[in-house]
Amino acid sequence: MFALIDCNNFYASCERVFRPDLNGKPVVVLSNNDGCVIARSNEAKALGIPMGAPAFEYEKIFKDHNVAVFSANYTLYGDMSNRVMSILSEYSPEVEIYSIDECFLKFDGLDRFFNLYNYAQEIRQRVKKWTGIPISIGIAPTKALSKVANHIAKKFPEKTNGVYIIDSEEKRIKALKWLPVEDVWGIGPRMSERLKNKGIKTAYEFTQLSDEWVKKEFTIVGLRLKHDLQGILTLDLEKQKDKKSIATTRSFETMYTSFDDLRERVSTFASLCAEKLRRQRSVCQSLMVFIRTNPHRKDLPQYSKSIEINLPIATNSSIELSKFAIMGLKMIFKEGYHYKKAGVITYNLISEGCIQANLFQEIDIRHKKLMEAIDKINSTFGKNKVRFAIQDPKGIQKMKQEKLSPCYTTKLSDVITVYV
DNA sequence: TCTGGGGTCCTAGGACCC
DNA sequence: TCTGGGGTCCTAGGACCC
């Protein structure tokens, strides 16, 4: 059996852990630049605030209903996620961390010794007690079905007490007949539209289609999903693998028109990518730089361009990546536009130990030591303590984050104070 | 005025090989 | 009358996830 554990309204719940006064009240978390709503407490959902809603369109609702609004605090969410995952890992040797707030556990043979429902309730209580984060658990013979079970647990919290198990054919069919096809994991807007055109409305009807048709229309991906939903074990736990691409992209709070401003951003993004590469001990062989104007500003001329660069020698040096990213920027930058977003994406990643030398260029071995020193200093004394002169010279805030909460769990000066 | 960021996998088709 | 057969690799684009 597989269990899918999912944190309820994760980012909103993280904020609430340290603000218990917000329990029972609507809470939303906004994306970078305080742009869109990316997490909502149940109370906020009940107010009709949709996922991805532009914040400025909902300001009145926020105000009228006293909604607690937060800027995304990824440092906090990342740390809380680690805490939750480490607790979950104690309940099974086979774990797949699927996203920041979701985790699959494999319960092989566990049902011979434990009552799975009680076992799952114990997990829920421990995670809640040790971290303050509420979770839901779905258990079923396959991954796709555990997703379905989780959906049910979340939809009917009173009836299920946050745990639902699909352990019989009757329950499987009942669940699939209840689940709208667009809510199936792996069926997105395109697929569900095509299914609806064919008259398919529920997950169950999807599983009644012929293998040939599903494969023809939705490739092997769709077919695997169909089988998994039928209870045929198709999707297994996946091992934590190195990332195949690493990106740093941002929208700006204001629009930039000068090359120098973009150069600062792009070199900072390249350095951030380099840091992430070093953390996973990878080097990249290629990078892409893109810049674009604000597509929502129909009144302004639009421009969007990207360029890919193959590096002569694979690297994770901030200096090298920054140099090539700026080189790319020079080739695509055009005067006269208001730029709103830029990014650097590194790909064709290989392991640090497998760098292929280049006949015409030597690897500067000094970079490796320098990067090690920089990473060490920054991890000991705090982010960005050492950075390149080209980056962020005045330390200007480049993102709108007006409602940022403290880093309660990762910064000593932000630790919560308790008055007795 | 104000609209996020970071990933994965699969396929078709072109270019190339012998 | 009437143009072989069997491969690999790469890339762009599309779909999906959170």
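Order of the sequence lines sets the chain letters (A, B, ...), proteins ahead of strands, with each chain counted from 1.
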A.B. asks: Throw together a table of side-chain donor-acceptor distances under 3.5 angstrom for residues 215-222 of chain A, partners on residues two or more places apart or in other chains.
C.D. replies:
from, atom 1, to, atom 2, distance (Å)
A:Glu217, OE1, A:Arg194, NH2, 3.2
A:Thr219, OG1, A:Val221, N, 3.2

A.B. asks: Does either side chain, that of A:Glu238 or that of A:Tyr98, offer a donor lying less than 3.5 Å from an acceptor on the other one?
C.D. replies: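 Absent: no donor and acceptor within the cut-off.
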A.B. asks: Applying a 4.0 Å non-hydrogen cut-off, can you work out what A:Ile345 is touching in the nucleic acid: base, sugar-phosphate, or nothing?
C.D. replies: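 Result for A:Ile345 = nothing.
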A.B. asks: Would you please classify the geometry between the A:Phe252 ring and the A:Phe269 ring as parallel, tilted or perpendicular, with 30° and 60° separating the classes?
C.D. replies: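 Taking A:Phe252 first and then A:Phe269, their aromatic rings lie parallel (interplane angle under 30°).
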A.B. asks: Identify whether any heavy atom of A:Ile246 sits under 4.0 Å from a base atom; if not, whether one sits that close to sugar-phosphate; answer base, sugar-phosphate or nothing.
C.D. replies: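 Sugar-phosphate, backbone atoms only, no base.
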A.B. asks: Classify the nucleic acid contact of A:Glu59 as base, sugar-phosphate or nothing, counting any heavy atom under 4.0 Å across all strands shown.
C.D. replies: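 No contact.
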A.B. asks: What residues from residues 177-190 of chain A pass a heavy-atom cutoff of under 4.0 Å to DNA chain C?
C.D. replies: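 Per residue number, the list reads A:Val184, A:Trp185, A:Gly186, A:Ile187, A:Gly188, A:Pro189, A:Arg190.
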A.B. asks: Would you indicate what A:Lys215 reaches in the nucleic acid, counting non-hydrogen atoms under 4.0 angstrom: base, sugar-phosphate, or nothing?
C.D. replies: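 A:Lys215: no heavy atom of the nucleic acid under 4.0 Å.
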A.B. asks: What are the 5'-most and 3'-most nucleotides of DNA chain B lying under 4.0 Å from any heavy atom of chain A?
C.D. replies: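 Using the under 4.0 Å cut-off, the span is B:dT1 to B:dT11.
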A.B. asks: Please work out the stems of DNA chain C from pairs that are Watson-Crick or G-U wobble with both distances under 3.5 Å, keeping only runs of three or more consecutive pairs.
C.D. replies: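 When the pairs of DNA chain C are grouped into runs of at least three, the stems are B:5-18 with C:5-18.
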A.B. asks: Please examine the side chains of A:Leu287 and A:Leu311, heavy atoms only from C-beta on, and report whether any two atoms are closer than 4.5 Å.
C.D. replies: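 Touching, per the 4.5 Å side-chain cut-off.
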A.B. asks: Just call it for A:Asn33: base, sugar-phosphate, or nothing, with non-hydrogen atoms closer than 4.0 Å on any strand.
C.D. replies: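 Nothing, no nucleic acid heavy atom in range.
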A.B. asks: Just to verify, what does A:Phe333 make a ring-ring contact (aromatic ring centres under 6.0 Å, His included) with, not counting sequence neighbours?
C.D. replies: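 Once residues adjacent in sequence are excluded, the partners of A:Phe333 under the ring-ring contact (aromatic ring centres under 6.0 Å, His included) criterion are A:Phe259, A:Tyr339.
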A.B. asks: Closer than 4.0 angstrom, basic N to acidic O: yes or no for A:Glu205 and A:Lys196?
C.D. replies: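 A:Lys196 and A:Glu205: not salt-bridged.
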A.B. asks: At 4.0 Å (heavy atoms only), tell me whether A:Arg297 reaches a base, stays on the sugar-phosphate, or touches nothing.
C.D. replies: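 Sugar-phosphate, no base atom in range.
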A.B. asks: Within residues 331-342 of chain A, which residues have any heavy atom lying less than 4.0 Å from an atom of DNA chain B?
C.D. replies: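 Per residue number, the list reads A:Lys340, A:Lys341.
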A.B. asks: Would the A:Tyr164 and A:Phe156 ring centres measure less than 6.0 Å apart?
C.D. replies: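 No, ring centres 6.0 Å or more apart.
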A.B. asks: Under 4.0 Å, heavy atoms only, any strand: does A:Phe218 hit a base, just the sugar-phosphate, or nothing?
C.D. replies: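 The residue A:Phe218 makes no contact with any strand.
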